[in-house]
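These notes are about the structure you will find just below.
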Amino acid sequence: MTKALIAMSGGVDSSVAAYLTLEKGFECIGATMRLVENDTACLKTAKTCCSLEDVEDARSVAYRLGIPFYVFDFTPEFKKYVIDRFVCAYECGATPNPCIECNRYMKFQVLLRRAIELGCDYLVTGHYARIENRDGRYYLLKARDPGKDQSYVLYMLTLNQLSHMLFPLGDLLKSETRQIAEKLGFVNARKRDSQDICFVPDGDYAAFIESYTQKKYPIGKFVDEQGNELGEHKGFIRYTIGQRKGLNISSSKPLYVKKKDAESNTVVLAENNRLYSTGLEVTDFNWIAFDTPPDKLRASVKIRYSQTEQPATIFATGEKTVRIEFDNSVRAISPGQSAVIYDGEYVLGGGTII
RNA sequence: AGGGGCGUCGCCAAGCCGGUAAGGCACAGGACUUUGACUCCUGCAUUCGUCGGUUCGAAUCCGGCCGCCCCUG
């Protein structure tokens with residue numbers, strides 16, 4: 001019998017994914033990754049993918065399905081691959097996406113390796129995305145539910161990893177997932193979708209970084225594009241490109257963060273129309289749809305999770321680097337975020353913006 | 001000291017031939033969201049430097065005082 005390890009977060013999606021995999025006749029093992037020491041973040045409750053409460057929800061579902069359930073302690077790996085990189089990126093003035101890193105390192109490397117060690121053929125997650133095997137090659141596609149599509153956070157999957165992954169929810173609508181959970185009486189059927197950074201449940205990531213590093217990030221200057229001082233900022237890790245709220249600077253027009261300079265500890269503010277640009281460079285690019293990408297191709301691109309795709313021309317500038325030139329200028333390109341390129345339903349590849 | 005100007009929410013700023021306080025920024029709360037942001041919705045001056053006067057009624061007219069700015073000495 002084919003064996004699958006189900007990554008169960010305790011949420012509805014992965015719970016239903018487990019059920020569907022079992023239905024298909026796989027031998028299933030449920031597993032939750034323990035990623036954070038309970039005192040690292042103030043994880044008393046709610047909204048996180050790894051609180052004790054969530055582990056119990058996952059355990060409850062596994063029990064109901066009659067499958068074995070494990071908790072893997074990956075706190076050291078999570079610290080190294082996700083938290084430290086997250087903090088480091090902010091210290092360098094970038095805007096990281098920890099969910100991407102968690103997928104890349106925790107789910108698709110550490111957990112997948114563990115699954116294979118346990119004799120599993122597949123790792124199953126509750127992501128909304130689809131995998132297609134055509135002509136002996138694996139492709140990553142968007143989910144059927146366009147409102148829930150999560151292919152953006154999966155662009156780093158290699159062909160080898162894809163051959164061991166299953167996304168049972170790829171053809172479901174979110175509402176259908178909830179219905180199934182409801183019908184099966186899962187405890188989490190009506191649980192709220194997760195949001196915020198899981199290791200920063202209250203959303204105050206800057207406070208998290210300060211308490212984690214025990215550093216205090218010095219105040220600095222807000223300046224306009226001409227270099228005129230506009231005010232004082234509260235430590236540049238608190239700002240990201242395109243940000244408007246929380247600047248505490250009043251003016252006749254809304255002001256946004258245009259640029260951050262870690263070197264001089266300066267944050268440049270400008271009006272919205274100054275935030276648009278037409279091109280960007282991407283590094284650590286992972287091509288899914290090509291072994292050798294064409295030098296140049298037309299595609300549509302997302303430069304943040306929730307953004308409609310933008311038409312662009314892609315230039316493969318190196319093994320893992322790409323230059324993207326948009327047809328129309330795009331707002332607030334943020335280094336550290338991921339750029340993912342699509343051709344229709346297909347994810348061509350993606351990488352990190354520099 | 002004399003001449004001129006100004007004083008409206010934390011900031012900017014309408015209103016000023018009287019009729020019962022626009023708007024923007026900031027801020028707060030909510031929605032959206034497996035990242036940070038953006039966006040959207042809601043809230044946000046019983047009060048117009050102050051004290052009097054005129055009037056049915058004043059932020060708007062008049063006078064005193066206080067404060068600030070500019071010019072002249």
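These numbers come from a predicted model, not from an experiment. Chain identifiers are assigned alphabetically (A, B, ...) following the order of the sequence lines, protein sequences preceding nucleic acid strands; residue numbering begins at 1 within each chain.
- Residue contacts for Ser334(A): at a heavy-atom cut-off of 4.0 Å it reaches a base atom on one of the strands shown.
- Each of Thr317(A), Val322(A), Thr321(A) was checked for a side chain to side chain contact (heavy atoms under 4.5 Å, CB included) with Thr283(A), and the lone residue meeting it is Thr321(A).
- Taken residue by residue, residues 232-245 of chain A places heavy atoms nearer than 4.0 Å to RNA chain B at Thr240(A), Ile241(A), Gly242(A), Gln243(A), Arg244(A), Lys245(A).
- Distance check on atom C1': C25(B) versus U20(B) gives 27 Å, rounded to whole Å.
- Counting only heavy atoms from C-beta on, Arg331(A) has its side chain closest to C38(B) among C38(B), A26(B), U35(B).
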Contacts table for residues 100-108 of chain A: side-chain donor-acceptor under 3.5 angstrom, sequence neighbours left out:
residue	atom	partner	partner atom	Å
Glu101(A)	OE1	Arg85(A)	NH1	2.9
Glu101(A)	OE2	Arg104(A)	NE	3.4
Glu101(A)	OE2	Arg104(A)	NH2	3.4
Asn103(A)	OD1	Lys107(A)	NZ	2.8
Asn103(A)	ND2	Cys99(A)	O	3.4
Asn103(A)	ND2	Val153(A)	O	2.9
Arg104(A)	NH2	Tyr155(A)	OH	3.4
Tyr105(A)	OH	Arg85(A)	NH2	3.0

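- For the pair Arg134(A) and Tyr139(A), the cation-pi test (distance below 6.0 Å, angle within 45°) is passed.
- Relative to the six-membered ring of Phe78(A), Lys80(A) misses at least one condition, a distance below 6.0 Å or an angle of at most 45° to the axis.
- Taking atom C1' in both C51(B) and C66(B), the straight-line distance is 10 Å, to the nearest Å.
- Side-chain contact check for Thr32(A) and Tyr70(A): no donor-acceptor pair (N or O, by modelled atom type) lies under 3.5 Å.
- Rounded to whole Å, the separation between the C1' atoms of C38(B) and C48(B) comes to 36 Å.
- Counting non-hydrogen atoms under 4.0 angstrom, Gln307(A) reaches nothing in the nucleic acid.
- Using a 4.0 Å heavy-atom cutoff across all strands shown, Gly246(A) reaches sugar-phosphate atoms only and no base atom.
- Between the C1' atoms of G15(B) and A21(B), the separation comes to 8 Å (whole Å).
- Using atom P as the reference point in both G19(B) and C61(B), the two lie 11 Å apart (nearest Å).
- Among the atoms of the strands shown, only primed sugar atoms or phosphate atoms (P, OP1, OP2) are found under 4.0 Å from some heavy atom of Tyr90(A).
- Annotation: side chain to side chain contact (heavy atoms under 4.5 Å, CB included) contacts of Ser175(A) (sequence neighbours excluded): Leu173(A).
- Few gaps surround NZ on Lys174(A); more than 12 heavy atoms of other groups in view lie less than 6.0 Å from it.
- Near RNA chain B, meaning a heavy atom under 4.0 Å away, there are no residues from residues 153-161 of chain A.
- For the segment residues 95-112 of chain A, residues with any heavy atom less than 4.0 angstrom from an atom of RNA chain B are, sorted by number, Thr95(A), Pro96(A), Asn97(A), Pro98(A), Cys99(A).
- Counting non-hydrogen atoms under 4.0 angstrom, Arg304(A) reaches a base of the nucleic acid.
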Please set out all donor-acceptor pairs under 3.5 angstrom arising from side-chain atoms of residues 16-25 of chain A, sequence neighbours excluded.
residue	atom	partner	partner atom	Å
Thr21(A)	OG1	Ala17(A)	O	2.7

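- Judged by the 6.0 Å distance and 45° axis criteria, Lys3(A) is not positioned over the aromatic ring of Tyr122(A).
- Remark: Asp54(A) does not engage Arg34(A) in a salt bridge, criterion side-chain N to carboxylate O under 4.0 Å.
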